[in-house]
Amino acid sequence: MPVDYKYLSELLFPNVTMTEKELEEKYPPRDLPEGAKVTRFAPSPTGFVHFGGLFPSVVGERLAHQSGGVFYLRIEDTDSRREVEGAASALVRTLSHYGISFDEGVTEDGESGNYGPYKQSARAFIYHVYAKRLVAEGRAYPVFSTDEELEEIKTADKKAELKSVNWETDASARREAMFARRNFTIEDVERELSAGHKFALFAIAEGDGTRKRKVNDLVRGDLELPENDEDVVLLKSDGIPTYHFAHVVDDHLMRTTHVIRGEEWLPSLPKHLQLFSYMGWKPPKYIHISQIMRLDADGSKKKLSKRDMGANLDDYSRLGYCPCAVIEYVMTLLNSNYEEWRVQNPDKDYTEFPFNVKKMSSSGCLFDMKKLDDVAKNVVSRMTAEEVYENFLEWAKTYDPDFAALLGDRDYALSVICIGRGGKKPRKDYGTWLELRSYMEPFYDETFKVEDEYPENIDRGDIKGALTAFLESYDHNDDAGAWFEKVKAICAPLGYCADMKEYRASPEAYKGSVADISMMIRVAVTGRMNSPDLYTVMHIIGEERSLARVRSMINKL
RNA sequence: GGCCCGUUGGUCAAGCGGCUAAGACACCGCCCUUUCACGGCGGUAACGCGAGUUCGAUUCUCGCACGGGUCACCA
């Protein structure tokens, strides 16, 4: 006897009171200008935002805001087992730190917008309306499980199970099981229900897996994917939907026009398309982003995972990468012509760049910390001294409070930051605040230390002689030219060459050059072999402290 | 294993039937230079393999190889 689906749907969902019509009215199509895109970032709150998570969020944000559309945040918390406490609000905070802001959706302490709730766990009543309809249409059926079976599902380590699976026999076994599940009578259902058993809801797959269907991805173009021939779980036995069902219902109701997600979803796209077709809804456009990879020790590419350096966004904060530098790097990876645009528009905000989906790469890329560093240096070199100061101070307050205290003398700090800043060829000494911290150490007595030893082959007596001579002739009022003339004057008596050209012509005739003499002074004053222009440095540090360091060095030798 | 996606120098990548195959990072050399940084110039280095289509393939087609993804009441 054929199953009465209408009756079955009442049996399964007796408490559904809302109608689809009501939902359509509650969440009407958005009133937006032609071409405006509605995108979303829809993470599951299983931890903290990961570098890879920046990609879909930046793409979504750009696409929406560039087109005058809407960008919203939806939390996909349909798996309570994996949910991490506080992850959602941490997520909002992190993204906002990176300058990614949402027009609606989950916020740090609640949510805003007319298309909510934006947490899937709070949307069960919505999903059930559509689930009920699919049952009534004979397109979905329940599968009952006893508590013991559910317990088993919960504890089974699916990953480990899959590894030891025999794919050949398993595939046919699963098909058989699938057909077996589809066979049931109303009496079975009534019996299970009265026994208090929970059910999961499956959608019947009507596709033919041997037939291909052309589907479009905005980045990859036309793809040939097999039709879906696997029954998908719509609702888990706790009544909460799986990703597949939630995606279809939510993105329809929230009127998403473009779904941006990782390429790991590509294989399940036929499932989603089938569900959209069952529901009679127009599917959104899809953009599947490739994964960010890292180089494994054995030389192979691996997905950038949480534990990898550079994966956790907290690493960037700790190291003091300006969020805008990280975004800048993401942009270079996202759109191949971004760097070119940046060269032509050094002072524009990245949001002025015409982001183009067609310029996105369809092959996964390797995370390159060196490139990030280069980008960061460029970003910092383009900032004003004030911007650098403010950002650096902010960073230091949480990561190096002692140093932050030193930065209290704003003008002094600015004078250091100003070295080589601006102009056509700005210095690029540091790309991170941690690097800047190190760069600034010589400028404060509290952090000054002699880090670089004089090379072994330099005569200690010469150093002492040079430093002493330097002190004797030093006049703080000298200009840079006069100052250097005096340094040159130290050379000859010690057997060093004051003229570099001459020295290079016959190095064997001298013990060294003015470069060596300068180095001797440099190490004494800054504690390092390398520094920006020494005259400038000494005038920032001041006469008294500079000379004190030189004297102290003489005494140590 | 089935299915899907991908494959241009060490890395990110332009290219969309005819090019000495861009550019950026990294690396090396030279120049500038008192060191460093900046800047300038130059260099090493690539179309995975094999068929086919074509007058001509990095570009189109098909195999293969390799890499990645996926096959849960996870997302």
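As the structure is a computational prediction, the values presented were derived from the model and not from experiment. Just so we're on the same page: letters track the sequence lines, and every chain starts at 1.
- For A/Ser361, no side-chain nitrogen or oxygen approaches OP1 or OP2 of B/C12 to under 4.0 Å.
- The phosphate of B/C74 (OP1 or OP2) has a side-chain N or O of A/Lys236 nearer than 4.0 angstrom.
- Side-chain nitrogen and oxygen atoms of A/Thr78 include at least one within less than 4.0 Å of the OP1 or OP2 phosphate oxygen of B/A75.
- Across all strands shown, A/Met519 has no heavy atoms under 4.0 Å from either base or sugar-phosphate atoms.
- Separating the CZ atom of A/Arg261 from the P atom of B/C74 is a distance of 17 Å, rounded to the nearest angstrom.
- Pairing for B/C16 is absent, judged as Watson-Crick or G-U wobble with the two contacts each under 3.5 Å.
- At the heavy-atom level, A/Ser531 lies under 4.0 Å from base atoms of the strands shown.
- Ring geometry for A/Tyr118 against A/Tyr72 counts as tilted: the plane angle lies between 30° and 60°, on a 0 to 90° scale.
- Taking only side-chain nitrogens and oxygens, A/Lys428 never comes nearer than 4.0 Å to OP1 or OP2 of B/C25.
- The NE2 atom of A/His272 sits 14 Å away from the P atom of B/C74 (whole-angstrom rounding).
- Look at CG on A/Asp374: it is 5 Å from P on B/C25, rounded to the nearest Å.
- Residue contacts shown for A/Lys271 are absent, as no nucleic acid heavy atom lies under 4.0 Å away.
- The distance between atom CD of A/Glu339 and atom P of B/U11, rounded to the nearest whole Å, is 16 Å.
- Applying the Watson-Crick and G-U wobble criteria (two distances, each under 3.5 Å), B/C66 pairs with B/G6.
- B/U58: no Watson-Crick or G-U partner with both key distances under 3.5 Å is found in any strand.
- Base pairing of B/C30 is made with B/G40, judged by Watson-Crick or G-U wobble geometry with both donor-acceptor distances under 3.5 Å.
- Among the heavy atoms of the strands lying under 4.0 Å from A/Ser363 are primed sugar atoms or P, OP1, OP2 only; no base atom is included.
- Rounded to an integer number of Å, the gap from A/Lys358 NZ to B/A14 P is 15 Å.
- Among the heavy atoms of the strands, none lies under 4.0 Å from A/Ser513.
- A/Asp238 comes within contact range of no nucleotide atom at all, as no heavy-atom separation falls under 4.0 Å.
- Within the nucleic acid shown, A/Arg175 has no heavy atom closer than 4.0 Å to any nucleic acid atom.
- Between A/Ser268 and A/Cys365, it is A/Cys365 whose nearest contact on RNA chain B lies nearer the 5' terminus.
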